[in-house]
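Hydrogens, waters and symmetry mates play no part in the numbers below; they use all other heavy atoms, side chains included.
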Amino acid sequence: MSVTVPPKTWNPVVASDAEIQRYGLYPRPKSAAQRKLWEQMYSHVSSWVIPDMCATNFHAAAPKYPIDSHPIWSGAIAKRVKGAPAFTGSSYVFDEPKFDGGCKHASSYNLWSGLGGLKSGRLMQNGIDNAGKGLNDDYAWWEVLSDDKKNSLPEMEIKNFKVRAGDRIFAGISYYAPKKQVSFNFYNYRTKKAADLGPWGVIDTPKGSYLASAFYDGSTAEQIVERTTVGKKPVMLRKPHGGYSHTHEAGFSNGQQDGEDFAFKNVWQYNMRANGIKLSEPVKFISKVKHEGAYLAQWNDKWDACGS
């Protein structure tokens, strides 16, 4: 699957929507607050990463619907309301934590944004994980799941998009319905590097090539903390320094709405609980934090236990 990197002199802020879609960037938001954040991000890109990718043996997993507590997920899930368009975008700006030791066995702390995964087995997602790595050896990844697990991909690591503790990261996923194409987007606010994967209408897997639409479900959009599944079993939840991770901004889009008011409606809080033990839960959910005349959707995911 190829990636078309924009020319060095190209400026996304003044580009047309067609150009933005052609290069696979996260779509320009309609609302003033979201657009300002988008412009601040893309106007400061120092370079576009041509991704060097490899498959891992790690997976994110989709819970059954409906539920508000789950053994591997903690965070926010927006539910499509009757009569509204399907979700086509999910964006997540978070601070990558520094991690402490303490869990007895293998652990991870996986932050990601996604589309789908609750009403069906279809889920497209991207974020930052550290499964199978040292405490603070973080990496960017994307993944697609289908109703048929045999056709799904594991986490696809982007080896040359560097992340370290303390970095503020944008992870976004968008689905362009007219062409049935998906794009996975990353930006590191420290390095000012962006990685925009797509737009892809076809996803290549070890079992063959499939239309991107086979992995798309627009009934929900989410921003999640997860303990990654290795093989068939989730590992422990790695402990962030200070006991929590911080969501700086959560965004949802359905092609018509993407503003700050939209982010506060029909959003469920998910708490991570396993074997009767609370592992993680969002606190101060969802806080309306004023930013340049509008409001951002923020919260903290509080760590409680490693789990088993």
State which residues pass side chain to side chain contact (heavy atoms under 4.5 Å, CB included) with Asp137; sequence neighbours excluded, sorted by chain then number.
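By the side chain to side chain contact (heavy atoms under 4.5 Å, CB included) rule, Asp137 matches Lys133.
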Checking the side chain of Ser108 only, and the main-chain atoms of Arg227 only, is there a donor and an acceptor separated by less than 3.5 Å?
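A pair under 3.5 Å: no.
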Within the side chain of Gln298, is there an N or O that forms a donor-acceptor pair under 3.5 Å with the backbone of Ile286?
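No, Gln298 side chain to Ile286 backbone: no donor-acceptor pair under 3.5 Å.
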Between [X] and [Y], does the ring centre distance come in under 6.0 Å?
{"X": "Phe58", "Y": "Trp141", "answer": "no"}
{"X": "Phe170", "Y": "Phe186", "answer": "no"}
{"X": "Tyr187", "Y": "Tyr189", "answer": "yes"}

Which residues pass the salt bridge (charged side-chain N to carboxylate O under 4.0 Å, His left out) test with Lys162, not counting sequence neighbours?
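Lys162 satisfies salt bridge (charged side-chain N to carboxylate O under 4.0 Å, His left out) with no other residue.
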The criterion is salt bridge (charged side-chain N to carboxylate O under 4.0 Å, His left out); which residues satisfy it with Lys159, sequence neighbours excluded?
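For Lys159, the residues satisfying salt bridge (charged side-chain N to carboxylate O under 4.0 Å, His left out) (neighbours in sequence not counted) are Asp52.
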Checking Lys302 now: which residues fulfil side-chain hydrogen bond (donor to acceptor under 3.5 Å, both in side chains) with it, not counting sequence neighbours?
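Residues passing side-chain hydrogen bond (donor to acceptor under 3.5 Å, both in side chains) with Lys302: Asp304.
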Sequence neighbours left out, what passes side-chain hydrogen bond (donor to acceptor under 3.5 Å, both in side chains) with Ser219? Give chain and number order.
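Ser219 satisfies side-chain hydrogen bond (donor to acceptor under 3.5 Å, both in side chains) with Asp217 only.
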Looking only at the side chains, is there a donor atom on one of Ser146 and Tyr210 sitting less than 3.5 Å from an acceptor on the other?
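On atom types as modelled, these side chains do not qualify, holding no pair under 3.5 Å.
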Other cluster members, Leu211 - Ile/Leu/Val/Met/Phe/Trp/Tyr, side-chain contacts below 4.5 Å:
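Cluster partners of Leu211: Val202.
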Could you walk me through whether Arg28 and Asp17 pass side-chain contact (heavy atoms from CB on, under 4.5 Å), step by step?
CA-CA 7 Å; Arg28 179 189 285 118; Asp17 289 343; 2.5 Å; yes
Checking side-chain contact (heavy atoms from CB on, under 4.5 Å) for the pair Gln125/Ile224: CA distance, chi angles, key distance, verdict?
CA-CA 10 Å; Gln125 54 193 153; Ile224 295 294; over 6 Å; no
